[in-house]
Amino acid sequence: LQKLIYLLQAADDPLIQEQALITLGNSAAFSVNQDIIRNLGGLSVIGGMLSHCVPEVKEKALNALNNLSMNIKNQEEIQVYITQVCGNIESAPLNSDLQLAGLRLLTNMSVNSDYNHKMISSIPCLLRLLSEGTERTQIQVLKVLVNLSANPAMTRHLLRGQV
């Protein structure tokens, strides 16, 4: 895992970065590896890939963070990327794999009401995706909205949201 994180930092080739992210994401399916990746500083390295210019690299980074977000301690570090993830969702092509990967990560992160406030400005985008997206996109958006609606502090923001 340490070598994969180093490879992700050192490689300039997007194909190598994608493969490293896929492997890290698959490794994160095991809870013991989630802690190891965090302790090696991997969350910030993976999070840094969210600003990559190649959409496929961003998507793989979102998928890896999604698997890593199943851990409360990891969520504490991943939450700093929520605003950036929301921006990636808004700027991604409608119904794209990149957009869906971002929505899946938001679904996991919105379970913890401590981070819901970071998604307020994206509520209009979520509502737009709900009306314009395909069924797959709509399902992911609904999962996020259901999680947000479980937090009473979000009620006003959800009801005021305009498409």
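Each residue takes its place number in the sequence, starting with 1. All figures in this text were calculated on a predicted structure; none of them were measured in a lab.
- Residues Glu77 and Ser44 are not in side-chain contact: their nearest non-hydrogen atoms beyond the backbone lie 4.5 Å or more apart.
- Note on Ile120: it clusters hydrophobically with Leu142, by side-chain heavy-atom contacts below 4.5 Å among ILVMFWY residues.
- A pairwise comparison of heavy atoms in Tyr81 and Leu43 identifies OH-O, 3.9 Å as the closest pair.
- Across all their heavy atoms, Ile89 and Gln99 have their closest contact at O-NE2, 3.0 Å.
- Counting heavy atoms from C-beta on, the side chains of Leu68 and Gln75 never come closer than 4.5 Å.
- Val32 and Leu1 end up in the same hydrophobic cluster when Ile, Leu, Val, Met, Phe, Trp and Tyr side chains are linked at under 4.5 Å.
- Contact of the Ile82 side chain with the Cys86 side chain is registered, since non-hydrogen atoms from C-beta on lie closer than 4.5 Å.
- At distances below 3.5 Å, not a single donor-acceptor pair connects side-chain atoms of Asn67 with backbone N or O atoms of Ala28.
- Put simply, CE on Met109 and CZ on Arg104 are 15.5 Å apart, with the number rounded to the nearest 0.5 Å.
- You'll find the side chain of Leu129 stays beyond 4.5 Å of the side chain of Gln140, heavy atoms only.
- In the hydrophobic clustering of this structure, Met154 groups with Tyr115; members are Ile, Leu, Val, Met, Phe, Trp, Tyr whose side-chain heavy atoms approach within less than 4.5 Å, directly or through other members.
- Heavy atoms of other residues, nucleotides or ligands lying less than 6.0 angstrom from CD of Gln84 number more than 12.
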*Any chance you could lay out the side chain to side chain contact (heavy atoms under 4.5 Å, CB included) test for Leu21 and Leu4, step after step, and finish with the verdict?*
CA-CA 8 Å; Leu21 286 164; Leu4 280 170; over 6 Å; no
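- Asn71 places no side-chain N or O within 3.5 Å of a backbone atom of Gln34 that could act as its donor or acceptor partner.
- Contact annotation: the side chain of Leu105 never approaches that of Asn63 to less than 4.5 Å [non-hydrogen atoms, C-beta and beyond].
- Of all the heavy atoms in Gly102 and Val85, the pair that sits closest is O-CG1, 3.7 Å.
- Going from atom CG of Asn108 over to atom CG of Asn112 covers 11.0 Å, rounded to the nearest 0.5 Å.
- Looking only at distances, a side-chain donor or acceptor of Gln138 sits under 3.5 Å from a matching main-chain atom of Gly133.
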*For Thr137 and Leu130, run side chain to side chain contact (heavy atoms under 4.5 Å, CB included): C-alpha distance rounded to whole Å, both residues' side-chain angles, the deciding distance at 0.1 Å, then the answer.*
CA-CA 7 Å; Thr137 300; Leu130 187 59; over 6 Å; no
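- Leu127 and Leu94 fall within a single hydrophobic cluster, where Ile, Leu, Val, Met, Phe, Trp and Tyr are joined by side-chain heavy atoms under 4.5 Å apart, directly or via other members.
- The two atoms that bring Leu7 and Ala20 nearest to each other are CD2-CB, 4.5 Å, heavy atoms only.
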_One pair to check against side chain to side chain contact (heavy atoms under 4.5 Å, CB included): Ile78 and Ser69. What are the steps and the verdict?_
CA-CA 7 Å; Ile78 293 170; Ser69 71; 3.9 Å; yes
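- Of the possible polar contacts, none joining the Ser122 side chain to the Cys125 backbone as a donor-acceptor pair under 3.5 Å is found.
- At a threshold of 4.5 Å between side-chain heavy atoms, the hydrophobic network of Ile, Leu, Val, Met, Phe, Trp and Tyr places Val54 and Leu98 in one connected group.
- Between Asp13 and Leu15 the shortest heavy-atom distance is OD1-N, 2.9 Å.
- Distance CG/Leu100 to CG/Leu62: 11.0 Å, rounded to 0.5 Å.
- To the nearest 0.5 Å, atoms CD1 (Ile5) and CG (Leu40) are separated by 4.5 Å.
- Lys60 has no carboxylate O lying under 4.0 Å from a charged side-chain N of Asp97, or vice versa, which leaves the two without a salt bridge.
- Between the CG atom of Leu65 and the CE atom of Met49 there is a distance of 11.0 Å, given to the nearest 0.5 Å.
- In this structure, Leu50 and Ala61 approach most closely via the heavy-atom pair CD2-CB, 4.0 Å.
- For the atom pair Lys3 NZ and Leu8 CG, the distance stands at 16.0 Å (nearest 0.5 Å).
- No side-chain donor-acceptor contact under 3.5 Å links Ser96 to the backbone of Ala92.
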*Apply the test side chain to side chain contact (heavy atoms under 4.5 Å, CB included) to residues Met119 and Ser110: give CA-CA distance (whole Å), side-chain angles for both, the deciding distance (0.1 Å), then the verdict.*
CA-CA 8 Å; Met119 300 175 206; Ser110 62; 3.8 Å; yes
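- Screening Glu18, Lys58, Gln17 for a side chain to side chain donor-acceptor pair (under 3.5 Å) involving His52 leaves a single residue, Gln17.
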